[in-house]
J.: 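What follows is a structure written as structure tokens; I'll ask about it next.
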Amino acid sequence: EKNQHGFHKKADLSTINLVKELDAFPKVPESYVETSAFGGTVSLIVFLLMALLTISEFFVYQDSWMKYEYEVDTDFTSKLKIKIDITVAMKCSRVGADVLDVAGAVIASKELKYDAVSDFKILHQIQNRLREEHSLQDVLFKSALKGYFSDPVPQNNSTSNSQNACRIHGKIYVNKVAGNFHIILGKPIDTIRGHAHFASLIKNEAALNFSHRIDYLSFGNDVPGHINPLDGSEKITLEQNMLFQYFITVVPTKLHTSGVSVNMHQFSVTEQERVVSNEKGNYGVSGIFIKYKLSPLMVRVTEEHMPFSAFLVRLCGIIGGIFSTSGNFHRFIGYFVDIVCCHFRLGADQSQEVSHY
């Protein structure tokens, strides 16, 4: 039994010694450690730098970013909603709006509302605010989800007696094919030969002014606060027969974030305007034409966040990297100081020897 207990004790001691040899963090006795003012200064700088980088890394971990992916849009059977709010500098009895798509379907303006408003005014404050918000394309989705932006509200002075402008607004559901939303002179009518607008002879130049302001134009579902490219845009003209054209490319978008998941539609636009004059060869119909087409590609936008494991790895890299770099820097400075001191000491010793001779 004694031998057996002794054998166990020797085995335990050998195991402990083996573990001690694997120690990667050896302890240095305090009597062997020498402190200096320079080392303390370097330590303070290192701790301060680690604290700053750790705080900045924490803010990076708290933040998120948008990831954009592209795929083919296979949804072609659903309807596309068009929401519009536009004010034209003409009386409501003079203009008509509807949609005509490439499939031959005509959606009349029964879904749209025509409201007579006061004199057509330019809203510079809304226009300037929207220009500033349009420049923040990288944070539009994230800020919209938090409600930082708000939809522009048309400012109409209903107390004025001269109501010579018309606000056309409402929702239209169309097929997911290319189409043309237009506002021209006369009310839309359907005939045997096709689609037409009926307009009486108008000799008043003011009644033919197609100056307009687009307060809101969107395709698909609404995202609260999202700013569309044409929101708040306006066109002012003194010409009688003006043709305003907007060529729009609609891109289906699936937005998936931690706060919301919605299918929406973004769009890009190209504008063109010219005077219609048959005498000069500029043929056409005066009015406002919004021609849209759908992109076959769909954009998937997802909000990504740094994983906690990646945050820990980066944090350990910061702490370990600073310790290693500062240690090497401290040793290099000490080595350089020792060389300089030794050089001056040798020079002093040689001068003393010369003086003795």
Side-chain angles (χ1 to χ4, degrees), residues 82 84-100 108-109 112-128 130-131 134 152 154-157 160-170 179-189 194-217 228-249 267-293:
I82 301 177
I84 190 167
D85 191 344
I86 182 172
T87 303
V88 186
M90 295 176 64
K91 292 183 178 181
C92 293
S93 59
R94 305 289 188 181
V95 294
D98 53 6
V99 178
L100 178 64
S109 57
L112 298 176
K113 297 179 181 179
Y114 295 76
D115 296 335
V117 296
S118 59
D119 294 336
F120 187 78
K121 295 181 179 180
I122 304 175
L123 302 180
H124 293 288
Q125 295 181 353
I126 291 181
Q127 183 75 356
N128 294 333
L130 290 173
R131 286 197 188 100
H134 284 167
Q155 304 291 330
N156 295 322
N157 185 11
S160 179
N161 294 326
S162 59
Q163 294 183 337
N164 56 3
C166 183
R167 178 190 173 199
I168 304 174
H169 60 99
N180 179 12
F181 175 84
H182 52 272
I183 301 175
I184 61 177
L185 194 64
K187 295 298 180 180
I189 57 174
H195 178 68
H197 283 251
F198 176 77
S200 58
L201 296 177
I202 300 174
K203 297 182 180 180
N204 188 5
E205 294 184 359
L208 294 177
N209 191 341
F210 278 99
S211 298
H212 61 279
R213 183 182 69 247
I214 302 176
D215 290 301
Y216 190 83
L217 176 62
N228 298 290
L230 288 177
D231 291 353
S233 62
E234 48 192 15
K235 297 290 184 179
I236 309 299
T237 181
L238 299 177
E239 298 290 340
Q240 182 177 357
N241 296 319
M242 281 294 298
L243 171 62
F244 297 96
Q245 292 178 310
Y246 298 92
F247 301 95
I248 292 177
T249 301
F267 66 88
S268 61
V269 59
T270 303
E271 304 176 12
Q272 182 181 2
E273 58 183 77
R274 60 184 176 88
V275 179
V276 177
S277 177
N278 295 332
E279 298 178 355
K280 298 181 180 180
N282 297 327
Y283 298 100
V285 178
S286 58
I288 304 169
F289 292 83
I290 302 176
K291 300 181 179 181
Y292 62 89
K293 63 178 181 179

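FYI, the numbering just counts along the sequence from 1.
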J.: Which residues pass the side-chain contact (heavy atoms from CB on, under 4.5 Å) test with Thr237, not counting sequence neighbours?
T.: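 So Thr237 forms a side-chain contact (heavy atoms from CB on, under 4.5 Å) with Asn209, Ser211, Glu239, Met242, Phe244.
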
J.: If I compare all heavy atoms of Phe181 with all of Tyr292, which pair ends up nearest, and what's the gap?
T.: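 Nearest heavy atoms, Phe181 then Tyr292: N-CE2, 4.3 Å.
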
J.: Decide yes or no on side chain to side chain contact (heavy atoms under 4.5 Å, CB included) for Val95 and Ile288, but give the supporting numbers first.
T.: CA-CA 10 Å; Val95 294; Ile288 304 169; over 6 Å; no

J.: In Å, rounded to the nearest 0.5 Å, how long is the span from CD of Gln240 to OG of Ser286?
T.: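 OG of Ser286 is found 8.0 Å from CD of Gln240.
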
J.: Taking all non-hydrogen atoms of both residues, which atom of Cys92 and which atom of Ala116 are closest, and how far apart?
T.: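 That closest heavy-atom pairing would be SG-N, 3.8 Å.
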
J.: Do Ile86 and Leu217 touch side chain to side chain, with heavy atoms closer than 4.5 Å?
T.: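 They are not in contact (no side-chain heavy atoms under 4.5 Å apart), so the answer is no.
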
J.: For Glu271, give me all partners under side-chain contact (heavy atoms from CB on, under 4.5 Å), at least two apart in sequence or on another chain.
T.: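 Per chain and number, Glu271 pairs via side-chain contact (heavy atoms from CB on, under 4.5 Å) with Leu230, Lys235, Tyr246, Val269.
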
J.: So how far is it from Asp85 CG to Arg213 CZ, rounded to the nearest 0.5 Å?
T.: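 Answer rounded to 0.5 Å: 8.5 Å.
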
J.: Do the non-hydrogen side-chain atoms of Ile84 and Ile290 ever get within less than 4.5 Å of each other?
T.: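 Sidechains of Ile290 and Ile84: in contact.
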
J.: Could you grab the distance from atom NZ of Lys293 to atom CD1 of Ile248, nearest 0.5 Å is fine?
T.: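 Result: 12.0 Å between the selected atoms.
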
J.: Only counting residues at least two apart or in another chain, list the ones meeting side-chain hydrogen bond (donor to acceptor under 3.5 Å, both in side chains) with Asn180.
T.: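 Asn180 satisfies side-chain hydrogen bond (donor to acceptor under 3.5 Å, both in side chains) with no residue once adjacent residues are dropped.
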
J.: I need the Asp215 CG to Ser233 OG distance, nearest 0.5 Å.
T.: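 It comes to 9.0 Å.
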
J.: Tell me, please, which residues at least two apart from Phe210 pass ring-ring contact (aromatic ring centres under 6.0 Å, His included).
T.: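 Applying ring-ring contact (aromatic ring centres under 6.0 Å, His included) to Phe210 gives none.
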
J.: If I take atom CG from residue Asp115 and atom NE2 from residue His169, how far apart are they, to the nearest 0.5 angstrom?
T.: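 It comes to 3.5 Å.
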
J.: State, to 0.1 Å, how close Val117 and Cys166 come at their nearest heavy-atom pair, and which atoms those are.
T.: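 Minimum heavy-atom contact is CG2-N, 4.1 Å.
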
J.: Over all heavy atoms of both residues, which pair between Leu185 and Arg94 is shortest? Give the atoms and the distance, please.
T.: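 Answer, listing the atom of Leu185 first, then Arg94: CD1-O, 3.3 Å.
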
J.: Output the distance between atom CZ (Phe289) and atom CZ (Phe247), rounded to the nearest 0.5 Å.
T.: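 Phe289 atom CZ to Phe247 atom CZ measures 10.5 Å (nearest 0.5 Å).
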
